[in-house]
Amino acid sequence: QVRLVESGGGSVQAGGALRLSCGVSVYTYSRRCVGWFRQAPGKEREGVAAIYIGDGSTYYADSVKGRFTISQDNAKNTVYLQMNSLKPEDTAMYYCALDTLGRCKYEGIRSTRADYNYWGQGSQVTVSS
């Protein structure tokens with residue numbers, strides 16, 4: 001059974017940084033995507049960043065490009081989201097998710113919530129001005 005466990009959320013001042021971690025209990029897929037999504041109250045859940053494990057390609061939403069970095073450590077079965085230069089509008093619940101079919105390779109950041117097979121529990125990020 002695949003389980004994803006997130007950590008690293010918290011509160012930070014605007015301009016600060018946080019790093020989210022997503023531990024994946026099953027990491028046996030050579031072609032797969034791990035994505036980070038976020039959802040603010042009253043807003044749609046949106047894709048923030050994704051990584052295609054097959055070749056390491058990364059994809060970012062325009063709103064976070066240049067500020068956020070997605071990376072992986074296969075030895076630790078962990079995917080990270082480094083968030084720098086945080087803004088109040090980044091405040092949201094952040095979720096990591098796994099797509100075992102690797103569809104982000106073809107769809108980029110446009111891969112949808114429905115494309116991901118497994119989801120973490122969410123980690124709250126709050127950025128104050």
Side-chain angles (χ1 to χ4, degrees):
Q1 183 178 8
V2 175
R3 294 175 59 247
L4 294 85
V5 180
E6 300 169 356
S7 62
S11 298
V12 66
Q13 292 284 114
L18 289 171
R19 188 177 75 165
L20 301 180
S21 299
C22 177
V24 183
S25 63
V26 179
Y27 220 62
T28 60
Y29 308 101
S30 60
R31 298 182 180 88
R32 61 194 183 274
C33 297
V34 175
W36 285 95
F37 290 75
R38 67 185 181 187
Q39 187 168 23
K43 302 291 182 64
E44 295 286 328
R45 188 173 298 187
E46 63 173 339
V48 173
I51 183 167
Y52 178 66
I53 305 302
D55 63 9
S57 298
T58 57
Y59 311 92
Y60 298 95
D62 288 341
S63 60
V64 307
K65 193 171 297 182
R67 300 188 297 121
F68 290 12
T69 303
I70 187 170
S71 62
Q72 68 171 88
D73 185 339
N74 283 335
K76 298 182 181 296
N77 291 349
T78 301
V79 172
Y80 303 97
L81 184 67
Q82 179 68 46
M83 304 183 292
N84 296 329
S85 301
L86 283 162
K87 304 175 180 179
E89 51 263 44
D90 295 319
T91 295
M93 185 73 73
Y94 284 72
Y95 302 87
C96 66
L98 174 68
D99 173 13
T100 58
L101 296 181
R103 283 167 282 197
C104 69
K105 175 65 177 179
Y106 310 99
E107 302 176 21
I109 200 64
R110 298 175 188 176
S111 59
T112 69
R113 175 179 178 178
D115 291 329
Y116 286 81
N117 309 86
Y118 304 96
W119 291 82
Q121 80 287 351
S123 185
Q124 179 67 39
V125 171
T126 301
V127 184
S128 59
S129 59

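The shortest distance between side-chain heavy atoms of Tyr116 and Phe37 falls below 4.5 Å. Residues Thr100 and Tyr118 form a side-chain contact, since some pair of their non-hydrogen atoms from C-beta on lies under 4.5 Å apart. Contact check for Leu98 versus Val2: side-chain heavy atoms found under the 4.5 Å cut-off. Side-chain contact check for Tyr60 versus Thr69: some heavy-atom pair is nearer than 4.5 Å. Side chains of Val125 and Leu20 form a contact here, defined as non-hydrogen atoms less than 4.5 Å apart. Put simply, the side chain of Met83 does not reach to within 4.5 Å of the side chain of Asp90, judged on heavy atoms.
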Less than 3.5 Å apart, which donor and acceptor atoms pair up between the side chains of residues 4-11 and the rest of the protein, not counting sequence neighbours?
from: Glu6; atom 1: OE1; to: Gly122; atom 2: N; distance (Å): 3.0
from: Glu6; atom 1: OE1; to: Ser123; atom 2: N; distance (Å): 3.0
from: Glu6; atom 1: OE2; to: Cys96; atom 2: N; distance (Å): 2.2

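Pairing each heavy atom of Ala92 with each of Gln124, the nearest pair is O-NE2, 3.3 Å. The nearest pair of heavy atoms linking Asn117 to Leu101 is OD1-N, 4.4 Å. Nearest heavy-atom pair across Val48 and Val64 is O-CG2, 3.5 Å. Here the shortest heavy-atom pairing between Gln82 and Ala17 reads NE2-CB, 4.0 Å. Arg38 and Ser63 get closest at one heavy-atom pair: NH2-OG, 3.4 Å. Gly102 and Tyr52 make their closest contact through O-CE1, 3.7 Å (heavy atoms, listed as atom of the first residue, atom of the second, distance).
The structure places SG of Cys33 at 7.5 Å from CD1 of Ile53, a figure rounded to the nearest 0.5 Å. Atoms CD and OG1, on Glu46 and Thr112 in that order, are 14.0 Å from each other to the nearest 0.5 Å. Here Ser129 contributes atom OG and Lys87 contributes atom NZ; the two are 13.5 Å apart, rounded to the nearest 0.5 Å.
Without hydrogens or angle criteria, Arg3 side chain to Ser25 main chain gives no donor-acceptor distance under 3.5 Å. Under a 3.5 Å cut-off, the side chain of Thr58 and the backbone N or O of Ile51 do not form any donor-acceptor pair.
Electrostatic pairing of Asp62 and Lys65 counts as a salt bridge here, judged by a charged N lying under 4.0 Å from a carboxylate O.
In this structure, Arg19 forms a cation-pi arrangement with Tyr80, its terminal cationic atom sitting closer than 6.0 Å to the ring centre and no more than 45° off the ring axis. Judged by the 6.0 Å and 45° rule, Arg45 forms a cation-pi pair with Tyr95.
Around atom CD of Glu89, more than 12 heavy atoms belonging to other residues, nucleotides or ligands sit under 6.0 Å away.
Under the 4.5 Å side-chain heavy-atom criterion for grouping Ile, Leu, Val, Met, Phe, Trp and Tyr, Leu81 is connected to Val12 within one hydrophobic cluster. Using a 4.5 Å cut-off between side-chain heavy atoms of Ile, Leu, Val, Met, Phe, Trp and Tyr, with links allowed through other members, Trp119 and Tyr94 fall into different hydrophobic clusters.
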